[in-house]
Amino acid sequence: MRTAYKARVYPTAEQAAVLNRAFGCVRLVWNTVLAWRQARYRAEGVTTSYAQTDRYLTELKRAGRHDFLYEVSSVPLQQALRHQHAAFVNFFAGRAKYPRFKSRHGRQCATYTRSAFRWRDGRLFLAKLADPIAFVWSWPEVDPTTIDPTTVTVSRDSDGRWYASLAVETATEPVPAPATSSHTGIDLGVTHFAVLSTGEKIPNPRHLERKAKNLARYQRRMARKQRGSGNRAKAAAKVARAHTKVRDARADFLHRTSARLVRDHDLIVIEDLNVKGMIRNRSLARAISDAGWGEFRRQLEYKTRRYGRHLIVIDRWYPSSKTCSACGHLLATLPLSTRHWTCPDCGTRHDRDVNAAKNILAAGQAVSACGADVSHAGPSRMRSAAKQEAQPARGGIPRL
(Lines give C-alpha, C1' and ligand atoms only; values in the text may rest on other atoms or scores of the structure.)
Protein backbone atom coordinates (compact mmCIF):
# COMPACT_ATOMS: atom_id res chain seq x y z
CA MET A 1 0.00 0.00 0.00
CA ARG A 2 1.23 3.47 -0.84
CA THR A 3 0.82 6.18 1.76
CA ALA A 4 2.33 9.57 2.55
CA TYR A 5 3.26 11.54 5.65
CA LYS A 6 3.07 15.32 5.40
CA ALA A 7 5.26 16.97 8.04
CA ARG A 8 5.77 20.62 8.92
CA VAL A 9 9.28 21.76 7.94
CA TYR A 10 11.39 24.54 9.49
CA PRO A 11 14.32 25.34 7.17
CA THR A 12 17.08 27.73 8.11
CA ALA A 13 17.60 30.94 6.16
CA GLU A 14 20.31 29.33 4.03
CA GLN A 15 18.19 26.25 3.36
CA ALA A 16 15.19 28.38 2.51
CA ALA A 17 17.27 30.32 -0.03
CA VAL A 18 18.38 27.09 -1.73
CA LEU A 19 14.85 25.69 -1.79
CA ASN A 20 13.40 28.94 -3.11
CA ARG A 21 15.96 28.85 -5.91
CA ALA A 22 14.88 25.28 -6.68
CA PHE A 23 11.22 26.36 -6.75
CA GLY A 24 12.06 29.12 -9.23
CA CYS A 25 13.98 26.76 -11.51
CA VAL A 26 11.20 24.18 -11.43
CA ARG A 27 8.69 26.87 -12.33
CA LEU A 28 10.89 28.14 -15.14
CA VAL A 29 11.36 24.67 -16.62
CA TRP A 30 7.63 23.93 -16.43
CA ASN A 31 6.59 27.19 -18.10
CA THR A 32 9.32 27.13 -20.75
CA VAL A 33 8.64 23.55 -21.77
CA LEU A 34 4.88 24.11 -21.74
CA ALA A 35 5.25 27.14 -24.03
CA TRP A 36 7.53 25.13 -26.33
CA ARG A 37 4.97 22.31 -26.45
CA GLN A 38 2.21 24.71 -27.44
CA ALA A 39 4.32 26.50 -30.07
CA ARG A 40 5.42 23.17 -31.54
CA TYR A 41 1.86 21.91 -31.76
CA ARG A 42 0.62 25.12 -33.42
CA ALA A 43 3.47 25.13 -35.93
CA GLU A 44 3.78 21.42 -36.74
CA GLY A 45 0.55 19.90 -35.41
CA VAL A 46 2.38 17.16 -33.48
CA THR A 47 2.38 16.15 -29.84
CA THR A 48 5.49 16.04 -27.67
CA SER A 49 6.76 13.01 -25.78
CA TYR A 50 8.59 12.98 -22.47
CA ALA A 51 11.88 12.02 -24.18
CA GLN A 52 11.62 15.08 -26.42
CA THR A 53 11.06 17.38 -23.44
CA ASP A 54 14.05 15.78 -21.72
CA ARG A 55 16.27 16.57 -24.72
CA TYR A 56 14.85 20.09 -24.86
CA LEU A 57 15.80 20.64 -21.21
CA THR A 58 19.36 19.55 -21.99
CA GLU A 59 19.52 22.00 -24.88
CA LEU A 60 18.09 24.70 -22.65
CA LYS A 61 20.89 24.22 -20.13
CA ARG A 62 23.59 24.21 -22.82
CA ALA A 63 22.29 27.35 -24.53
CA GLY A 64 24.14 29.55 -22.05
CA ARG A 65 21.23 31.75 -21.01
CA HIS A 66 20.11 29.49 -18.17
CA ASP A 67 23.36 28.61 -16.43
CA PHE A 68 21.66 29.04 -13.06
CA LEU A 69 19.81 25.76 -13.67
CA TYR A 70 23.08 23.99 -12.83
CA GLU A 71 23.00 25.51 -9.34
CA VAL A 72 20.06 23.35 -8.23
CA SER A 73 19.58 19.61 -8.25
CA SER A 74 18.57 18.23 -11.64
CA VAL A 75 16.11 15.77 -10.10
CA PRO A 76 13.31 18.29 -9.35
CA LEU A 77 13.66 19.61 -12.91
CA GLN A 78 13.27 16.12 -14.36
CA GLN A 79 10.33 15.47 -12.06
CA ALA A 80 8.67 18.65 -13.33
CA LEU A 81 8.85 17.21 -16.86
CA ARG A 82 7.39 13.90 -15.68
CA HIS A 83 4.56 15.68 -13.90
CA GLN A 84 3.83 17.74 -17.00
CA HIS A 85 3.78 14.62 -19.17
CA ALA A 86 1.37 12.96 -16.71
CA ALA A 87 -0.78 16.10 -16.76
CA PHE A 88 -1.11 15.90 -20.55
CA VAL A 89 -1.88 12.18 -20.37
CA ASN A 90 -4.67 12.89 -17.89
CA PHE A 91 -5.93 15.76 -20.04
CA PHE A 92 -6.18 13.67 -23.21
CA ALA A 93 -7.83 10.88 -21.20
CA GLY A 94 -10.49 13.33 -20.00
CA ARG A 95 -9.49 13.08 -16.34
CA ALA A 96 -8.13 16.61 -15.87
CA LYS A 97 -8.06 20.09 -17.33
CA TYR A 98 -5.43 21.42 -19.70
CA PRO A 99 -2.11 22.08 -17.89
CA ARG A 100 -1.62 25.71 -16.93
CA PHE A 101 1.42 27.90 -16.47
CA LYS A 102 2.79 28.15 -12.94
CA SER A 103 2.86 31.44 -11.05
CA ARG A 104 5.41 32.67 -8.56
CA HIS A 105 2.52 33.52 -6.28
CA GLY A 106 0.82 30.80 -4.31
CA ARG A 107 2.03 27.33 -3.45
CA GLN A 108 5.51 26.31 -4.65
CA CYS A 109 6.90 22.77 -4.62
CA ALA A 110 9.75 20.56 -5.78
CA THR A 111 9.88 16.75 -5.84
CA TYR A 112 13.01 14.75 -4.99
CA THR A 113 13.50 11.06 -5.76
CA ARG A 114 15.85 8.63 -3.99
CA SER A 115 18.88 9.89 -5.90
CA ALA A 116 18.40 13.44 -4.57
CA PHE A 117 17.76 12.86 -0.87
CA ARG A 118 18.88 10.66 2.02
CA TRP A 119 16.80 9.42 4.92
CA ARG A 120 19.04 8.42 7.81
CA ASP A 121 17.85 7.66 11.33
CA GLY A 122 14.74 9.74 10.84
CA ARG A 123 16.63 12.74 9.45
CA LEU A 124 16.13 14.21 5.97
CA PHE A 125 19.08 15.32 3.82
CA LEU A 126 18.19 17.02 0.53
CA ALA A 127 20.47 17.58 -2.45
CA LYS A 128 22.42 20.87 -2.34
CA LEU A 129 21.81 21.14 1.43
CA ALA A 130 24.74 20.43 3.74
CA ASP A 131 22.70 19.93 6.92
CA PRO A 132 19.50 17.96 7.54
CA ILE A 133 16.30 19.92 7.31
CA ALA A 134 14.32 20.21 10.56
CA PHE A 135 10.75 18.92 10.65
CA VAL A 136 8.10 17.93 13.18
CA TRP A 137 6.85 14.33 13.18
CA SER A 138 3.14 14.18 14.07
CA TRP A 139 2.53 10.41 14.16
CA PRO A 140 3.59 9.01 17.56
CA GLU A 141 2.51 5.48 16.58
CA VAL A 142 4.97 5.46 13.65
CA ASP A 143 8.72 5.42 14.25
CA PRO A 144 10.31 7.70 11.61
CA THR A 145 13.52 5.67 11.66
CA THR A 146 11.68 2.60 10.33
CA ILE A 147 10.15 4.14 7.18
CA ASP A 148 11.83 4.22 3.78
CA PRO A 149 10.51 7.11 1.64
CA THR A 150 10.54 6.73 -2.14
CA THR A 151 9.97 10.41 -2.94
CA VAL A 152 9.99 13.65 -0.98
CA THR A 153 8.01 16.71 -2.06
CA VAL A 154 8.99 19.96 -0.36
CA SER A 155 6.43 22.74 -0.61
CA ARG A 156 5.88 26.29 0.61
CA ASP A 157 2.35 27.62 0.98
CA SER A 158 1.37 31.19 0.22
CA ASP A 159 1.17 31.90 3.96
CA GLY A 160 4.88 31.08 4.36
CA ARG A 161 4.59 27.63 5.94
CA TRP A 162 6.86 24.84 4.72
CA TYR A 163 5.99 21.16 4.38
CA ALA A 164 7.61 17.90 3.33
CA SER A 165 5.47 15.06 2.02
CA LEU A 166 7.15 11.65 2.27
CA ALA A 167 5.71 8.92 0.02
CA VAL A 168 6.17 5.45 1.49
CA GLU A 169 5.46 1.95 0.18
CA THR A 170 4.23 -0.35 2.94
CA ALA A 171 3.95 -4.14 2.64
CA THR A 172 1.34 -4.53 5.38
CA GLU A 173 -2.32 -3.81 4.74
CA PRO A 174 -4.39 -1.96 7.36
CA VAL A 175 -6.47 -4.09 9.70
CA PRO A 176 -10.19 -3.94 8.78
CA ALA A 177 -12.39 -2.28 11.36
CA PRO A 178 -14.73 -4.55 13.36
CA ALA A 179 -18.18 -5.07 11.83
CA THR A 180 -21.02 -2.98 13.22
CA SER A 181 -23.97 -4.33 11.14
CA SER A 182 -25.04 -0.73 10.62
CA HIS A 183 -25.96 0.87 7.30
CA THR A 184 -26.61 4.53 6.58
CA GLY A 185 -27.62 6.78 3.73
CA ILE A 186 -26.32 10.34 3.55
CA ASP A 187 -28.08 13.32 2.01
CA LEU A 188 -25.68 16.25 1.70
CA GLY A 189 -27.03 19.77 1.96
CA VAL A 190 -26.33 23.41 2.77
CA THR A 191 -28.59 24.07 5.75
CA HIS A 192 -27.25 20.89 7.35
CA PHE A 193 -23.97 19.52 6.06
CA ALA A 194 -25.33 15.97 6.08
CA VAL A 195 -28.57 14.27 7.09
CA LEU A 196 -28.38 10.53 7.86
CA SER A 197 -31.09 7.97 7.28
CA THR A 198 -31.16 7.46 11.06
CA GLY A 199 -32.52 10.99 11.42
CA GLU A 200 -29.25 12.50 12.67
CA LYS A 201 -28.49 15.93 11.26
CA ILE A 202 -24.86 17.05 11.13
CA PRO A 203 -24.70 20.87 11.33
CA ASN A 204 -22.92 22.82 8.62
CA PRO A 205 -20.07 24.75 10.34
CA ARG A 206 -19.89 27.35 7.51
CA HIS A 207 -16.19 28.02 8.04
CA LEU A 208 -15.87 30.62 5.27
CA GLU A 209 -18.98 32.52 6.31
CA ARG A 210 -17.73 32.87 9.90
CA LYS A 211 -14.42 34.34 8.70
CA ALA A 212 -15.85 36.41 5.82
CA LYS A 213 -15.64 39.74 7.65
CA ASN A 214 -12.00 39.28 8.62
CA LEU A 215 -11.13 38.15 5.10
CA ALA A 216 -12.87 41.16 3.57
CA ARG A 217 -11.03 43.52 5.91
CA TYR A 218 -7.63 41.99 5.09
CA GLN A 219 -8.37 42.07 1.38
CA ARG A 220 -9.37 45.75 1.51
CA ARG A 221 -6.12 46.54 3.28
CA MET A 222 -4.16 44.67 0.64
CA ALA A 223 -6.01 46.45 -2.17
CA ARG A 224 -4.91 49.84 -0.79
CA LYS A 225 -1.23 48.90 -0.90
CA GLN A 226 0.94 49.72 -3.90
CA ARG A 227 1.58 46.78 -6.20
CA GLY A 228 5.05 45.30 -5.82
CA SER A 229 5.69 46.96 -2.46
CA GLY A 230 6.77 45.22 0.72
CA ASN A 231 3.66 46.37 2.55
CA ARG A 232 1.47 44.71 -0.08
CA ALA A 233 3.42 41.48 0.36
CA LYS A 234 2.83 41.62 4.11
CA ALA A 235 -0.89 42.28 3.58
CA ALA A 236 -1.09 39.41 1.08
CA ALA A 237 0.52 37.12 3.66
CA LYS A 238 -2.20 38.06 6.16
CA VAL A 239 -4.89 37.24 3.60
CA ALA A 240 -3.21 33.90 2.91
CA ARG A 241 -3.01 33.06 6.61
CA ALA A 242 -6.71 33.84 7.02
CA HIS A 243 -7.55 31.53 4.14
CA THR A 244 -5.30 28.86 5.65
CA LYS A 245 -7.24 28.97 8.91
CA VAL A 246 -10.48 28.42 7.00
CA ARG A 247 -8.97 25.59 4.96
CA ASP A 248 -7.51 23.84 8.00
CA ALA A 249 -10.77 24.12 9.96
CA ARG A 250 -12.73 22.70 7.02
CA ALA A 251 -10.27 19.81 6.57
CA ASP A 252 -10.40 18.98 10.28
CA PHE A 253 -14.22 18.91 10.23
CA LEU A 254 -14.37 16.72 7.11
CA HIS A 255 -11.80 14.25 8.47
CA ARG A 256 -13.56 13.95 11.82
CA THR A 257 -16.97 13.50 10.22
CA SER A 258 -15.87 10.98 7.58
CA ALA A 259 -13.82 8.99 10.13
CA ARG A 260 -16.79 8.73 12.50
CA LEU A 261 -19.13 7.58 9.72
CA VAL A 262 -16.66 4.96 8.48
CA ARG A 263 -16.04 3.75 12.03
CA ASP A 264 -19.74 3.42 12.90
CA HIS A 265 -21.21 1.97 9.66
CA ASP A 266 -20.40 -1.04 7.50
CA LEU A 267 -22.26 0.35 4.46
CA ILE A 268 -22.43 4.01 3.46
CA VAL A 269 -24.55 5.25 0.55
CA ILE A 270 -24.25 8.72 -0.98
CA GLU A 271 -25.45 10.50 -4.12
CA ASP A 272 -23.31 11.23 -7.16
CA LEU A 273 -23.69 15.01 -6.92
CA ASN A 274 -22.86 17.27 -9.86
CA VAL A 275 -20.95 19.83 -7.79
CA LYS A 276 -19.59 21.67 -10.85
CA GLY A 277 -23.07 22.23 -12.15
CA MET A 278 -24.50 23.19 -8.78
CA ILE A 279 -21.95 25.93 -8.11
CA ARG A 280 -23.14 27.72 -11.24
CA ASN A 281 -26.04 28.87 -9.10
CA ARG A 282 -24.70 32.25 -7.99
CA SER A 283 -26.90 32.26 -4.89
CA LEU A 284 -25.50 28.97 -3.57
CA ALA A 285 -22.03 28.80 -5.11
CA ARG A 286 -20.14 30.07 -2.04
CA ALA A 287 -22.09 27.89 0.41
CA ILE A 288 -21.62 24.77 -1.72
CA SER A 289 -17.91 25.41 -2.19
CA ASP A 290 -17.50 26.05 1.53
CA ALA A 291 -19.16 22.74 2.40
CA GLY A 292 -16.48 20.69 0.60
CA TRP A 293 -18.71 17.90 -0.72
CA GLY A 294 -16.13 16.69 -3.23
CA GLU A 295 -13.40 16.38 -0.60
CA PHE A 296 -15.84 14.65 1.75
CA ARG A 297 -16.59 12.03 -0.90
CA ARG A 298 -12.89 11.53 -1.61
CA GLN A 299 -12.22 10.91 2.07
CA LEU A 300 -15.09 8.44 2.31
CA GLU A 301 -13.74 6.57 -0.71
CA TYR A 302 -10.24 5.97 0.57
CA LYS A 303 -11.25 5.43 4.21
CA THR A 304 -13.86 2.81 3.33
CA ARG A 305 -11.27 0.97 1.21
CA ARG A 306 -8.65 1.20 3.94
CA TYR A 307 -10.85 -0.10 6.76
CA GLY A 308 -12.85 -2.73 4.90
CA ARG A 309 -16.10 -0.78 4.67
CA HIS A 310 -18.35 -0.43 1.61
CA LEU A 311 -19.32 2.77 -0.18
CA ILE A 312 -22.08 2.94 -2.79
CA VAL A 313 -22.67 5.98 -4.99
CA ILE A 314 -26.14 6.03 -6.51
CA ASP A 315 -27.38 7.77 -9.63
CA ARG A 316 -27.51 11.55 -9.29
CA TRP A 317 -30.87 11.58 -11.11
CA TYR A 318 -32.58 9.29 -8.61
CA PRO A 319 -35.53 11.31 -7.15
CA SER A 320 -34.69 10.70 -3.50
CA SER A 321 -36.45 13.80 -2.18
CA LYS A 322 -39.68 13.34 -4.16
CA THR A 323 -40.13 9.63 -3.38
CA CYS A 324 -42.03 8.52 -0.27
CA SER A 325 -39.77 6.27 1.78
CA ALA A 326 -42.81 4.51 3.28
CA CYS A 327 -44.86 3.53 0.21
CA GLY A 328 -42.77 4.59 -2.81
CA HIS A 329 -45.12 7.24 -4.16
CA LEU A 330 -43.34 9.68 -6.48
CA LEU A 331 -44.34 13.35 -6.50
CA ALA A 332 -44.49 15.18 -9.80
CA THR A 333 -42.74 18.26 -8.40
CA LEU A 334 -41.23 19.30 -5.08
CA PRO A 335 -39.92 22.89 -4.79
CA LEU A 336 -36.65 23.41 -2.97
CA SER A 337 -38.40 25.67 -0.46
CA THR A 338 -40.64 22.81 0.69
CA ARG A 339 -38.86 21.25 3.68
CA HIS A 340 -41.74 19.01 4.88
CA TRP A 341 -44.43 17.24 2.87
CA THR A 342 -47.19 14.68 3.36
CA CYS A 343 -47.51 11.66 1.08
CA PRO A 344 -50.86 11.76 -0.76
CA ASP A 345 -51.01 7.93 -0.85
CA CYS A 346 -50.18 6.79 2.69
CA GLY A 347 -50.41 10.09 4.57
CA THR A 348 -46.89 9.85 6.02
CA ARG A 349 -45.40 13.17 7.08
CA HIS A 350 -41.81 13.54 5.81
CA ASP A 351 -38.86 15.71 6.60
CA ARG A 352 -37.48 16.36 3.14
CA ASP A 353 -33.82 15.62 3.98
CA VAL A 354 -34.43 12.62 6.25
CA ASN A 355 -36.75 11.11 3.64
CA ALA A 356 -34.10 11.61 0.96
CA ALA A 357 -31.46 9.92 3.15
CA LYS A 358 -33.76 6.91 3.71
CA ASN A 359 -34.37 6.57 -0.03
CA ILE A 360 -30.65 6.87 -0.74
CA LEU A 361 -29.96 4.03 1.69
CA ALA A 362 -32.70 1.87 0.15
CA ALA A 363 -31.32 2.49 -3.36
CA GLY A 364 -27.81 1.57 -2.23
CA GLN A 365 -29.01 -1.63 -0.56
CA ALA A 366 -30.82 -2.58 -3.76
CA VAL A 367 -27.64 -2.03 -5.77
CA SER A 368 -25.66 -4.11 -3.28
CA ALA A 369 -28.22 -6.92 -3.32
CA CYS A 370 -28.14 -7.25 -7.13
CA GLY A 371 -24.39 -7.88 -7.07
CA ALA A 372 -22.99 -4.60 -8.40
CA ASP A 373 -19.63 -3.30 -7.33
CA VAL A 374 -20.32 -1.72 -3.97
CA SER A 375 -17.09 0.23 -3.81
CA HIS A 376 -17.17 3.14 -6.24
CA ALA A 377 -14.07 5.30 -6.47
CA GLY A 378 -13.08 8.05 -8.83
CA PRO A 379 -14.28 11.46 -9.98
CA SER A 380 -17.95 12.35 -9.96
CA ARG A 381 -18.25 12.08 -13.73
CA MET A 382 -17.72 8.30 -13.49
CA ARG A 383 -20.93 6.32 -13.82
CA SER A 384 -22.28 4.95 -10.58
CA ALA A 385 -23.20 1.32 -10.01
CA ALA A 386 -26.89 2.14 -10.37
CA LYS A 387 -26.21 3.47 -13.89
CA GLN A 388 -24.39 0.30 -14.96
CA GLU A 389 -27.44 -1.97 -14.77
CA ALA A 390 -28.11 -3.93 -17.95
CA GLN A 391 -31.78 -2.93 -17.86
CA PRO A 392 -33.00 0.64 -17.34
CA ALA A 393 -33.89 0.32 -13.65
CA ARG A 394 -33.65 2.66 -10.71
CA GLY A 395 -32.71 1.68 -7.19
CA GLY A 396 -35.30 2.45 -4.54
CA ILE A 397 -38.37 1.16 -2.75
CA PRO A 398 -40.93 -0.30 -5.20
CA ARG A 399 -44.48 0.85 -5.03
CA LEU A 400 -46.91 -1.78 -3.68
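In what follows, every heavy atom counts, from backbone to side chain, and hydrogens, waters and symmetry copies are set aside.
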Check against salt bridge (charged side-chain N to carboxylate O under 4.0 Å, His left out), D248 and R161:
CA-CA 13 Å; D248 291 347; R161 295 194 295 183; 2.9 Å; yes
Test log, rule side-chain contact (heavy atoms from CB on, under 4.5 Å), inputs N274 and W317:
CA-CA 10 Å; N274 181 18; W317 302 112; over 6 Å; no
Working note: R82 + Q79, criterion side chain to side chain donor-acceptor pair (under 3.5 Å); need CA distance, chi angles, decisive distance, verdict.
CA-CA 5 Å; R82 290 188 176 91; Q79 288 298 112; 2.9 Å; yes
Report the C-alpha separation of S182 and D264 in whole Å, then their side-chain angles, then the decisive distance to 0.1 Å, and conclude whether the side-chain contact (heavy atoms from CB on, under 4.5 Å) test is met.
CA-CA 7 Å; S182 175; D264 296 343; 5.9 Å; no
Output, in order, the C-alpha distance, side-chain angles, deciding distance and verdict of side-chain contact (heavy atoms from CB on, under 4.5 Å) for Y218 and R241.
CA-CA 10 Å; Y218 293 149; R241 283 193 292 269; over 6 Å; no
Output side-chain donor-acceptor pairs under 3.5 Å for residues 147-158, partner residues at least two apart or in another chain, one line each.
from	atom 1	to	atom 2	distance (Å)
D148	OD1	R114	NH1	3.2
D148	OD2	R114	NH1	3.4
T150	OG1	A167	O	3.2
T153	OG1	T111	OG1	3.3
R156	NH1	N20	OD1	2.4

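Heavy atoms only, all atoms of each residue included: L254 and G292 are closest at CD1-O, 3.8 Å. Minimum interatomic distance between V46 and Y41 (heavy atoms only, all atoms of both residues): O-CD1, 3.4 Å. Residue F117 comes nearest to T113 through the heavy atom pair CD2-O, 2.8 Å, listed as atom of the first residue, atom of the second, then distance. Nearest heavy atoms, G228 versus R232: N-CD, 4.1 Å. Shortest non-hydrogen contact noted between L124 and A164 is CD2-CB, 4.5 Å. A22 and Y112 make their closest contact through CB-OH, 4.0 Å (heavy atoms, listed as atom of the first residue, atom of the second, distance).
Side chain of S321 to backbone of A356: no donor-acceptor contact under 3.5 angstrom is found. At least one donor-acceptor pair under 3.5 Å links the side chain of W137 to the backbone N or O of W139. A donor-acceptor pair is defined here as one N or O able to donate and one able to accept, closer than 3.5 Å; such a pair exists between the side chain of N90 and the backbone of A86. A distance-only check finds no donor-acceptor pair linking the side chain of S74 to the backbone of Y70 [under 3.5 Å]. For N31 (side chain) and K102 (main-chain N/O), a donor-acceptor pair under 3.5 Å exists by modelled atom type. The main-chain N or O of G230 is never found under 3.5 Å from a side-chain atom of K234 such that the two would form a donor-acceptor pair.
Cluster membership check: I268 shares its hydrophobic cluster with F296, using side-chain heavy-atom separations under 4.5 Å among Ile, Leu, Val, Met, Phe, Trp and Tyr. Under a hydrophobic-cluster definition in which Ile, Leu, Val, Met, Phe, Trp and Tyr are linked whenever side-chain heavy atoms come within less than 4.5 Å, directly or via other members, I270 and L188 are assigned to the same cluster. A single hydrophobic cluster is seen to contain both I133 and V18, as judged by linkage of ILVMFWY side chains at heavy-atom distances under 4.5 Å, directly or through other members. Each of L208 and L284 belongs to its own hydrophobic cluster when Ile, Leu, Val, Met, Phe, Trp and Tyr are linked at side-chain heavy-atom distances under 4.5 angstrom. At a threshold of 4.5 Å between side-chain heavy atoms, the hydrophobic network of Ile, Leu, Val, Met, Phe, Trp and Tyr places L69 and V75 in two separate groups.
Ring-plane geometry between H255 and Y302 is classed as perpendicular, the angle between the planes exceeding 60 degrees on a 0 to 90 degree scale with a lower cut at 30. The aromatic rings of Y56 and W36 sit parallel, their planes meeting at an angle under 30°, below the 60° perpendicular limit.
Once rounded to the nearest 0.5 Å, the distance linking CG of D266 with NE2 of H183 reads 5.5 Å. Taking NZ of K303 as the reference point, atom CG of L261 lies at 9.5 Å (rounded to 0.5 Å). Taking OH of Y50 as the start and NE2 of H85 as the end, the distance is 9.5 Å to the nearest 0.5 Å. The structure places CG of L361 at 4.0 Å from CD of Q365, a figure rounded to the nearest 0.5 Å. Taking CG of L81 as the reference point, atom CG of L34 lies at 11.0 Å (rounded to 0.5 Å). Separating the CZ atom in R220 from the CG atom in L215 is a distance of 10.5 Å, to the nearest 0.5 Å.
Taking 4.5 Å as the limit, some side-chain heavy atom of E301 sits within range of a side-chain heavy atom of R297. Side-chain contact between F253 and N204 is absent, with no heavy atoms from C-beta onward closer than 4.5 Å. No side-chain heavy atom of T348 sits under 4.5 Å from any side-chain heavy atom of C327. Considering only heavy atoms from C-beta on, R339 comes within 4.5 Å of D353 through its side chain. Residues T257 and Q299 have side chains not in contact (no heavy-atom distance under 4.5 Å, counting atoms from C-beta outward). In this structure, L331 and H329 have side chains that are in contact, with non-hydrogen atoms separated by less than 4.5 Å. Side-chain contact between H265 and R309 is absent, with no heavy-atom pair separated by less than 4.5 Å. The shortest distance between side-chain heavy atoms of W162 and Q15 does not fall below 4.5 Å.
Counted by atom type alone, D143 and T145 present one or more donor-acceptor pairs between their side chains at under 3.5 Å. Side-chain atoms of S320 and E271 form a donor-acceptor pair, as typed in the model, at a separation below 3.5 Å. A donor-acceptor pair shorter than 3.5 Å can be found between the side chains of R40 and T48. Judged by distance alone, the side chains of N359 and T323 never bring a donor and an acceptor atom under 3.5 Å apart.
The environment of CG in D67 is crowded: more than 12 heavy-atom neighbours from other residues, nucleotides or ligands sit within 6.0 Å. Atom CZ of R286 sits in a sparse spot, with 12 or fewer heavy atoms from other residues, nucleotides or ligands closer than 6.0 Å. Counting non-hydrogen atoms of neighbouring residues, nucleotides and ligands closer than 6.0 angstrom, the CZ atom of R100 reaches no more than 12 such neighbours. Open room surrounds NZ on K238; 12 or fewer heavy atoms of other groups in view lie less than 6.0 Å from it. Residue Q226 places its CD atom among 12 or fewer non-hydrogen atoms of other residues, nucleotides or ligands, all under 6.0 Å distant. Within 6.0 Å of CZ in R123 there are 12 or fewer heavy atoms belonging to other residues, nucleotides or ligands. Within 6.0 Å of the NZ atom in K211, the count of heavy atoms belonging to other residues, nucleotides or ligands does not exceed 12. Crowding of Y307 atom OH: a count of heavy atoms from other residues, nucleotides or ligands under 6.0 Å not exceeding 12.
Classification of R316 and D272 as a salt-bridged pair holds, one side-chain N sitting under 4.0 Å from a carboxylate O. The residues R298 and E295 are annotated as salt-bridged, a charged nitrogen and a carboxylate oxygen being separated by less than 4.0 angstrom. Between D290 and R250 there is a salt bridge, with a side-chain nitrogen of the basic residue lying less than 4.0 Å from a carboxylate oxygen of the acidic one.
No option in R352, R349, H350 other than R349 meets the side chain to side chain contact (heavy atoms under 4.5 Å, CB included) test with H340. Applying the ring pair (Phe, Tyr, Trp, His ring centres under 6.0 Å) test between F135 and each of W119, F125, Y163 identifies W119 as the sole match.
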